[in-house]
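Letters A, B, ... mirror the listed sequences (proteins, then strands); counts begin at 1.
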Amino acid sequence: MNAAGAVGPAAVAAQVAAVVAGAPLLAGLMRQVRARLEGRAGPGIAQPWRDLRKLMRKEPITPVGTGPAFRTAPLLLVASTAVVAALMPLASTATPAGVRSDLILVVALLALGTVALALAGLDTGTAFGGMGASREMTVAALVEPTILLAVFALSIPAGSTNLAAIVSGGIHDSARLASPAGLLATAALAVAVLAETGRLPVDNPATHLELTMVHEAMVLEYAGPDLALVELGAHMRLTVLLGLLASLAAPWGIATTASAAAVALGLVLFAVKVALLGAALAAAEVFWAKLRLFRIPELLAGSFLLALLAVTASYFLTGE
Amino acid sequence: MTHALTTALLTAPVAGPLLASAAYAARRRPARAAGGPAAWLGLLSPLTILLCGAALAVTVPAHGAATAYGRMLRADALSVWMLLAIGAVATLACAASPGYLAREDADPPTVRRYHVLVHAFLAAMSAAVLAANLGVLWTAIEATTILTAFLVGHRRTRACVEAAWKYVVICSAGIALAFLGTVLLYYAARQAGISEASALDWPALAARADRLDPAVVRLGTGLVVLGFGAKAGLAPLHAWLPDAYGQAPAPVAALMSGVLSSVAFTGLLRYKVIADAALGSGYTRVLLAGLALLTLALAAALLLGQRDHQRMLAYSSMEHMALIALGAAVGTPLAAVAVLLHILGHGLAKTVAFCASGHIVRLRGTSRIGRVRGLLAEAPALGTAFALAVIALLGLPPFALFAAELGLARAGFAAGPYCAAALAAALALVLTSFAALGIRTARMLLGPPPGGRPPVRLGAVAGLPLAAGLLGCAALGTATGPLTRLLTAAAAIIGGH
Amino acid sequence: MNDAVYTQLLDLACGAFLLAAVVVLWLRQLASIVRVFALQGVALAAVAALLGTYDRRWEVLAVATGIGVLRAGLLPLLMRRALTALAPAPGHPYEEDVSEARETEPLVNVAASLLSAALLTLLAYAVARPLVELNPTPATRALPVGLAVVLIGFFTLVTRRRALAQVVGFLLLDNGITATAFLAASGVPLIVELGVSFDVLLAVLVLRILTTRMRAAFGGTGLDDMRELSDR
Amino acid sequence: MNVIATATVTVAGLAAAAALAGAALPPRARAVTAGVCTAALGAAALAAGTAALGGRRWSASLPGLLPPAGIHLAVDALSGLFMAVGGAVVLAVAVYGIGYAAGHGPHGIASRGAQAVLPVFALALVLVPAAASVSTFLLLWETMALTSLLLVLAGHRAGSPARQAAVRAAGIWYAAMTHLGFVLLLAGLALFAAGAGGETFAALRAGAAGMPPLARGAVFTLVAAACASKAGAVPLHPWLPRAHPEAPGNVSALMSAAMVNLGVYGIVRTGFDLLGGGPRWWWLLVLGAGALSAVYGVLQAAVASDLKRLLSYSTSENLGLALVGVGAAGLFHATGNRAAASLALAAALLHIVNHAAFKALLFCAAGSVLRATGVRDLDRMGGLRARMPATTAFFAVAALGAVALPPGNGFFGEWLLLQSMIHGLAVPGVFTAIVLPLAVAVIALSAGLAAAVFVKALGVGFFARPRSAPAAEAAESPPTMLAGMGLLAAACAALALVPGLLGDGLSRAVAAAGLADGRPLTGGALGVRLDRLAASLSPLWVACALTAALAAVSALTRLTARRRRRGNARLWDCGGGAPTARMSYTATSFAEPLQRVFDDVLAPEQDVNVTPISESAYLVERVRYQRRVPDRIEHRLYRPFLDTVTGLGRASRRLASGSVHLYLGYGFFGLVALLLALAVGA
């Protein structure tokens, strides 16, 4: 096996490692940005990591009346997100996973984690678990058309749903990204990402008030290592989705060749891009309020419209 | 085939039942009201018809039409097919008769009168089928009206008298119109130079029909269609049907609905052959298709509001006769095959349905649909027989009516846009009838047994004819086997031009 | 007999034949109706006899005799006997009840009935045109009369409330057909004629028997009582 | 002798044997013998179908049967696909049915009649795709309809009066709608036969090109409407959510997994093979109906709380998706994009195969639950995973397929469908630019809602704690039922992991429909690659990656954790403390947000009844709250029509008033009208 052959698998491993290790840091960064903007000192960006370590040390707890679904959901959440991290061309398109990095598959794998958590929420048999699951699935169901339509819009210029192909197409032909279709699709995808990751204005990750909880209500019964996994999974999802957004909107720097240096550069740029995006999101969240649950469809309808416009625009601008 | 044998085969279907009728009339002292071996002697005459039909079914397609008594009686493939239908349905009906009479607790004179009339009725139908002369055909059909009038009024209740009166008055008036039509046709034939002896002779008329005056034939055929249509249950003179079928003894209702109406319709078909040769097929097509659609619409509308299961079956008969008429209107060879299959299939299925319906009336003491519930649970065999008969009548496989309706649809859509439109309308109406019939049957059959009584057994004597009828109908729908040649030959007579 | 006389006589007989049908519509007393019906039978027999004499076909004469016996004799006799059988027995509380003997209130009143008869006759003329044109002879020119009587008979059947009146209607219809047969083609073949007559006779017998049963079951022969069998 | 011929003859023989066994044997032996014979029938059909998918062909004609037309049979790869699916479903469900029937009394599905009819239904099911003439097709189609109707009615005397009434109503709806479909099909095919001048499929194929466009359009519309009704497509669907739930478990599995497919088969066979494709509007109709059914079906499923009703609406949804694929294929074909057309058709067919596997399993599992608890209402289930672990596992496997997420078996089909849409846009046309994005949105929305639906079904129905006594006392199903479900689960797994093995067969089936000029997709055990399009997917790889990641995460957690032993604790519930079962979320509450979001479409009816106590108007004694989500299409489209027809029937009773004068009057006016017409006409 030559050096070039080893770079690919190494890049995949590096991506996964970066996402796993960086996700809590991203969360910490965002909280820190928020705290500073709100005039607080903030716990520092490593706080999520400290929380996770603390939780991992606690006794694993199985609430009475829950079943295997409850226990496996956190594992599945982290595992599916890790697979997504491996699949996506975050740092390099020239990985062995690149040929399989199908955009639809990525979306589906992320949805798999959501479904697993929702089932876990129902498995507890508590009112909160059920409520969280119900709301989460409602939002997820409504987000789906937006995401897929945005995917559709982004795939048209590349003629493929392969992420690596889309990203390398974006690198070689930057005009695509600035086209109306590209912008509209990215905007639609951004809204969808907010909804998928449970950020404001769709859900408030910091709340524990019954009436406003969505994601938190679902995982209310988790404790100890299980909770750590759930938290880690949520952070990873955010990182991966922001990474996806970054890769699609600003693919510059992602390695297209199997060279170790390019991959390292790509990795650094990935961290920077995601950190910037996260900071921007955190800054924006300071000025947003959470929407009522039944106002969320309006937001999602708006993003759906953007995605639809993106598709038609991409048709009318490229289809001659 | 020797002349004597032919004569015998043509005579027996008329003479046999007549002899049986006479024998019953002569028997002064019926040992018991019903049952016993004597009751089963009644099966001899329908079996005679069936056997003669079978024998003729072998010879006629091979050697052409058989005649006897100087062309008074004539059996072509169509007659033989109808003879088979009469024989089959009559065998079932006569097999069901002893059971019916036993249940009615009829007194000996009534039983005797019943048998006398039923066998005479069979003779009249055979005569109508075998008559070569249109006048004789008419006489025989009018004779069936008179004979069945007493059978409809068999029980002498108010309802029976009412039904019989309506039956006789409406049918006689209708059939009188048919006679007027026949007279006009005779006039046209005489003016066309056909001799007095053969001016009403069907083969002669059919052969020389192109010489007849179109205007007179048009008028005559119109009257005949109205007249024989009354007997066949076609609008506008259809209204006697539910009353008569509802009040007649179940086996007689089966005979009337199963074969009498189609015998009358075959009579009509004979005239249609002449009219088509004289006028082209457009006139009878419009006339028959119009009446068929009208009848279908009436039957569907009345089925929708129906609350009585015997009347329901009567309206279903109207529906089927209308489909047969529609097939005749289409008139292609395929449609003719469908019509003949329909006639025989409907005869068998309707016989089973009416006999089962009779048992139901006996079981529940009423023919109101609303009063019958959970029949399948209460009387499994009877319920199944009724269900299967209705399934057959709804035109579902494997019964013959499915094959017939399939053939009709194919033929109809192939016969030009107007036929296709008529057929589309007919299919819509049939769908309505289907739903109405289905809903009512479901109400009667389904559900738990009322009152938790133990299941009622039907018994072999009552069950056998029902099973035989259903089997026959299913077999006919699956394959015509040895009857195929006869079927083709008969279809050529009514649709072969 | 020369042609002019023959035509005159034939037209006279046909006129009487049609007139009798109209008079049946006019009358209310069932007994009178039966009497007029018998007269019509005579007219019919006369038509047949005239045709037979003119064509010198003696078998037609024989048929005419038979028809005369049946239509002017036997059938009216049967009906008269039915009528007496229906009348309340002496000493019966309703002895004075004449409803059984009268067609008190037909479905369509007498004036409208007569008007309808006129219209039906016109219709018969219109319809019979092709029949006449096929072979214009004095006999066929009278064909509309036969058709008109058929229509009037049917009309009587539809509008009369008494069982016996309805029977008369049916017989008018039948007379009309027989007349048509004679006028058009000097009658149908003998065997057919026999069969037809026999059937008509039987039909009337059946109706008579049913009338008796009706009276036993319903206490009268008013057809309006018979509405038990319906979908209502 | 040809494999297919042998298998087909075997199928017929086994059907006869099974029907006889069902009709004649005593109760105990009946179910076993008939079941084994039916299973063998399924296996034979599967063999025939597989052989046909492998490229073999067979045809036969029996002119003596079904006068006057005769029977014509022919099997090509397209027929083979549907035969194989039908056969496989029959095989597994028949095994399941042996145990299922044993749990019921002498009536119902275990009765003589039902056991005799079931094999005939199976026979018709697997032979419909083999029909090669109009008459044969109609005969088998109607036999299938009739036998399934009889089986739906099998439970007519069981349960409460309300349940009996529901069975009766279901039977009537089913009979009427299926006959409507039959009439449409009859009209369409008869018209086709008339136009093409022959009734065998070969003659139709030869004569179709010569027919005028209007006639072709009429034929297609009629046939497509009939087939769409069979496939449960909106708005011809009302029979489906009634009949499938009321049918016994094994029957609903057969109907929902195998029978509805034949609707799609009819459209594909007629539209592509026999008519040779057609203008865009045909396929827009199909696509529109498919999209409507997909969204409407899944929405109704989302708010349904009756498990079997939920599954039936989901059938409507999935067949809708297949119809979207068929419609898209037609659209691409009409615009000349043959590659995308064959891909879309392959996707539709694959989706049908997948749907058959998971829906049969879902209905079997639902049947097991119903048999064990007598409960169909999700609100009264719960906690079954403890009492019925195997059934729950099977349901979960199938549900994973139904939500179309990896590694389930539904994912690949929908992925393929989306791929065909994306690549279909490569060919210009304003039409496709508008239609395809909407179709993608519909697919996505239905996929998203399907996830909510099956999370609800699995989470509320099987997880948490029992919410009623029957659910708490449920017992696991007997081995034969589990074996049947195991077969289906194995099929689901195989389809999920190595769908590529179907690639050649699918290509042949698409070619048999007259679409492919190459092989739309190639693949083996490892993955699938699309012909001429840059897309590939390896479900096996995804499954392995997921498993590996799961193992890694699990191992890492165990390694880093301080304490390994899991402790038990009371449920916290935000401090509320161990809630009772009555406090847990029900299916109704789960669906409430979705129902509010789609309020305008679903138009739920609710009814609040407040009873104050007698002393005071302000104190409430009882509040009765009732909410139903009726099938709105049925209410708005069918009810008024049915009411009108019923009113017409009632009014028309006056036509038969009993007056002899009226009756004679009909004749008199008929005569006068005839004479007038003749007089005027002359």
Side-chain angles (χ1 to χ4, degrees), chain B residues 165-166 169-170 173-174 177 215 218-219 222 226 230 235-240 242 298 301-305 334 337 341 374 376-377 384 391 396-398 402-403 406-407 409-410 412-414 420 424 427-428 430-432 434-436 438-439 442-443 446-448 477-481 484 487, chain D residues 64-69 107 113 134-135 138-140 142-143 145-146 153 156-158 161 164 167-168 171-172 175-176 179-180 183 186-187 189-195 197 199 645-646 648-653 655-656 658 660 662-664 666-671 674-675 677-678 681-682:
Chain B
W165 179 270
K166 285 177 184 168
V169 166
I170 297 177
L177 294 181
R218 205 172 284 134
L219 183 57
L226 278 189
L237 282 165
H238 62 279
W240 57 273
L298 275 170
L302 288 160
L303 274 173
L304 276 174
L334 178 60
V337 170
L341 270 179
L376 269 177
T384 309
I391 284 175
L396 297 171
F402 175 77
L406 206 60
R410 275 171 52 211
F413 279 106
L427 284 178
V430 168
L431 178 65
T432 317
F434 178 95
I439 290 172
R443 261 183 218 157
L446 304 181
T478 316
T480 41
T484 312
L487 185 60
Chain D
L65 296 182
L66 187 66
H107 311 302
V134 168
S135 303
L138 288 167
L139 170 73
L140 289 165
E142 195 64 350
T143 307
L146 172 66
L153 292 172
H156 72 96
R157 51 189 293 198
Q164 290 163 9
V167 170
R168 201 162 56 230
I172 288 166
H179 200 70
L180 169 67
V183 164
L186 177 64
L189 288 180
L191 204 58
F192 197 177
E199 70 121 27
V645 170
T646 317
L648 212 64
R650 210 166 287 142
S652 63
R653 282 181 193 153
L655 290 174
V660 68
L662 179 69
Y663 295 172
L664 282 166
Y666 293 152
F668 182 67
F669 284 112
L671 173 67
L674 173 75
L675 294 182
L678 285 176

Of all heavy-atom pairs between D/Gly658 and B/Lys166, which one has the smallest distance, and what is that distance?
O-NZ, 2.7 Å

What part of B/Leu302 is in contact with chain D, defined as an atom under 4.5 angstrom from a non-hydrogen atom: side chain, backbone, both or neither?
both

How far apart are the closest heavy atoms of B/Ala479 and D/Gly64, and which atoms are they?
CB-O, 3.5 Å

Quick one: pull up CG in D/Leu139 and CG in B/Leu406 and give me the separation to the nearest 0.5 Å.
8.0 Å

State, yes or no, whether a side-chain contact exists between D/Pro68 and B/Leu334 at a heavy-atom distance under 4.5 Å.
yes

Please round to the nearest 0.5 Å and tell me the distance separating atom CG of D/Leu180 and atom CZ of B/Phe434.
10.5 Å

For a 4.5 angstrom cut-off between non-hydrogen side-chain atoms, does D/Val167 reach B/Leu446?
no

D/Glu142 versus chain B, heavy atoms under 4.5 Å apart: side chain, backbone, both or neither?
both

Supply the atom-to-atom distance B/Leu237 CG to D/Leu664 CG, rounded to the nearest 0.5 angstrom.
7.0 Å

Can you tell me which portion of B/Ala442 sits under 4.5 Å from chain D's heavy atoms? Options are side chain, backbone, both or neither.
both

Non-hydrogen atoms of chain D under 4.5 Å away: do they reach the side chain of B/Ala403, the backbone, both or neither?
both

D/Leu675 versus chain B, the contacting section by heavy-atom distance below 4.5 Å:
side chain

Of all the heavy-atom pairs spanning D/Gly670 and B/Pro236, show the shortest one and how long it is.
CA-CG, 4.0 Å

Min side-chain heavy-atom separation B/Val430-D/Val183 under 4.5 Å
no

With the side chain counted from C-beta on, respond yes when B/Leu219 and D/Leu674 share a heavy-atom pair under 4.5 Å apart, and no when they do not.
no

